[in-house]
Amino acid sequence: MFGPDAALPHRPARIVVAGTSGSGKTTLAARLGCLLGIEHIEIDSLFHGPNWTPRPTFEHDVEEFVARSSWVTEWQYSIVRDRLADRAELLLWLDLPRRTIMRQVTIRTLRRRFGRRELWNGNIEPPLHRIFLDREHIIRWAWNTDRSTTERVRQLGVRRPELTIVRFRSHRDVDAWIARQLIPLARH
């Protein structure tokens with residue numbers, strides 16, 4: 001596992017971004033896709049069907065895109081997490097402080113809810129009072145699963161020691177790493 005000063009041995013073509021819900025995985029994955037000119041597949045859009053039901057084609061859709069030569073996506077959903085990691089050349093881990101994650105997920109949830117922004121397949125954020133009733137409300141989920149990402153990344157490092165894993169403790173570290181490591185690679 002490397003810190004934000006890590007140099008990449010080559011331009012990555014298959015990238016997963018790990019982190020707690022609300023850490024900025026999708027934002028970073030989309031940014032990497034644009035920068036490197038590779039497809040960003042937003043995994044939430046493959047998972048969530050209408051009324052927040054799992055799409056029956058989810059695993060098939062993931063199998064289809066991981067077989068491609070290049071992609072970037074978020075490292076989530078236990079049913080496909082190993083498949084994503086097994087094909088990845090690079091895992092970027094947003095290991096941000098809990099207070100940062102909670103601030104980000106709360107602001108994002110409020111913006112989406114009050115703006116009634118459609119997310120995936122007609123879904124919008126549920127009413128805010130659901131945070132008290134739903135154990136899987138995104139804000140509660142972020143709080144309760146924050147530490148489990150650390151263990152998953154550790155286990156992956158043991159299982160796939162050849163996988164380059166870069167750990168970031170702040171968005172500033174991400175920005176500096178991209179400027180130092182990825183932008184020069186993107187030019188080639």
Side-chain angles (χ1 to χ4, degrees), residues 1 3-4 15-32 40-56 58-59 61-62 72-86 88 90-160 163 165-174:
M1 188 169 321
I15 305 167
V16 288
V17 180
T20 303
S21 294
S23 63
K25 295 183 302 292
T26 302
T27 300
L28 178 56
R31 183 177 175 193
L32 296 171
H40 167 231
I41 295 100
E42 187 175 356
I43 203 160
D44 279 330
S45 71
L46 299 180
F47 183 80
H48 295 292
N51 299 313
W52 296 105
T53 57
R55 292 179 62 241
F58 175 62
E59 287 184 79
D61 294 342
V62 171
V72 58
T73 194
E74 304 80 23
W75 194 50
Q76 53 193 43
Y77 299 108
S78 59
I79 196 165
V80 296
R81 197 176 281 125
D82 283 346
R83 288 177 248 185
L84 295 168
D86 288 347
L90 173 65
L91 182 135
L92 302 178
W93 177 21
L94 294 172
D95 186 20
L96 308 178
R98 183 179 264 189
R99 68 184 175 279
T100 301
I101 291 167
M102 296 311 300
R103 178 178 34 83
Q104 289 176 179
V105 74
T106 301
I107 291 169
R108 180 188 78 182
T109 301
L110 292 171
R111 281 186 181 145
R112 287 177 173 177
R113 179 62 194 163
F114 290 129
R116 298 195 53 78
R117 183 174 146 220
E118 184 178 325
L119 300 173
W120 313 279
N121 301 306
N123 295 308
I124 60 170
E125 289 286 351
L128 295 176
H129 74 272
R130 299 291 305 179
I131 192 171
F132 302 108
L133 306 172
D134 183 358
R135 286 189 152 141
E136 293 188 353
H137 187 281
I138 194 65
I139 294 174
R140 287 178 72 175
W141 182 265
W143 180 265
N144 292 329
T145 62
D146 183 47
R147 304 233 190 287
S148 60
T149 302
T150 300
E151 183 57 25
R152 277 194 292 273
V153 172
R154 188 196 65 72
Q155 288 174 4
L156 178 60
V158 170
R159 186 171 69 79
R160 282 210 55 210
L163 178 64
I165 299 173
V166 182
R167 182 181 195 179
F168 300 104
R169 300 292 190 143
S170 70
H171 291 298
R172 181 178 295 144
D173 287 347
V174 172

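Just so it is clear, the values below take in all heavy atoms, side chains as well, and ignore hydrogens, waters and symmetry mates.
- With W52 contributing its side chain and I124 its backbone, the two residues share a donor-acceptor pair below 3.5 Å.
- Counting non-hydrogen atoms of other residues, nucleotides and ligands closer than 6.0 Å to CD of E151 gives a total above 12.
- Taken from CG in L28 to CZ in R31, the straight-line distance is 7.0 Å, to the nearest 0.5 Å.
- A distance-only check finds a donor-acceptor pair linking the side chain of T53 to the backbone of P50 [under 3.5 Å].
- In this structure, T100 and R103 have side chains that are in contact, with non-hydrogen atoms separated by less than 4.5 Å.
- In this structure, OG in S21 is found 11.0 Å from CD1 in I139, a value given to the nearest 0.5 Å.
- Other residues, nucleotides and ligands place no more than 12 heavy atoms under 6.0 Å from the CH2 atom of W143.
- For the residue pair E74 and H40, a side-chain donor N or O sits within less than 3.5 Å of a side-chain acceptor on the partner.
- A donor-acceptor pair is defined here as one N or O able to donate and one able to accept, closer than 3.5 Å; no such pair exists between the side chain of W75 and the backbone of G19.
- Between D86 atom CG and L163 atom CG the span is 9.5 Å, to the nearest 0.5 Å.
- Within the 4.5 Å cutoff, the side chain of L92 has heavy atoms near those of the L32 side chain.
- Nearest heavy-atom pair across N121 and S45 is ND2-O, 3.6 Å.
- Formation of a donor-acceptor pair under 3.5 Å by the N123 side chain with backbone atoms of N51 is found in this model.
- Nearest approach of K25 to L94, heavy atoms of both residues: N-CD1, 3.7 Å.
- The OG1 atom of T20 lies 10.5 Å from the CD atom of Q76; values are rounded to the nearest 0.5 Å.
- The aromatic rings of Y77 and F47 sit parallel to each other, their planes meeting at less than 30°, with 60° as the upper class boundary.
- In this structure, the separation between CG on L119 and CZ on R112 is 4.5 Å, given to the nearest 0.5 Å.
- For S23 against Q104, the heavy-atom pair with the smallest separation is O-NE2, 3.2 Å.
- At least one side-chain heavy atom of W93 sits under 4.5 Å from a side-chain heavy atom of T149.
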Inset, instruction - I would like to know whether V153 and D95 meet side-chain contact (heavy atoms from CB on, under 4.5 Å); could you show each step before the answer? - result: CA-CA 10 Å; V153 172; D95 186 20; over 6 Å; no
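- Between L91 and A18, the shortest heavy-atom distance links the atoms CD2-CB, 4.0 Å.
- Comment: E125 does not engage R108 in a salt bridge, judged by the lack of any side-chain N to carboxylate O separation of less than 4.0 angstrom.
- For the atom pair CG of L128 and OG1 of T109, the computed distance is 8.0 Å after rounding to the nearest 0.5 Å.
- The backbone N or O of P97 lies less than 3.5 Å from no partner atom in the side chain of R169, so there is not a single donor-acceptor pair.
- Of the possible donor and acceptor atoms, one in the side chain of R160 sits under 3.5 Å from a partner among the backbone N and O of A88.
- With a 6.0 Å radius and a threshold of 12 heavy atoms from other residues, nucleotides or ligands, R111 has its CZ atom at or below the threshold.
- Within the 3.5 Å criterion, the main-chain N or O of L46 finds a donor-acceptor partner in the side chain of R55.
- When all heavy atoms of V72 and A29 are compared, the closest pair comes out as CG1-O, 3.4 Å.
- Put simply, the side chain of I79 reaches to within 4.5 Å of the side chain of E59, judged on heavy atoms.
- Closest of all the heavy-atom pairs between I41 and T73 is O-OG1, 2.6 Å.
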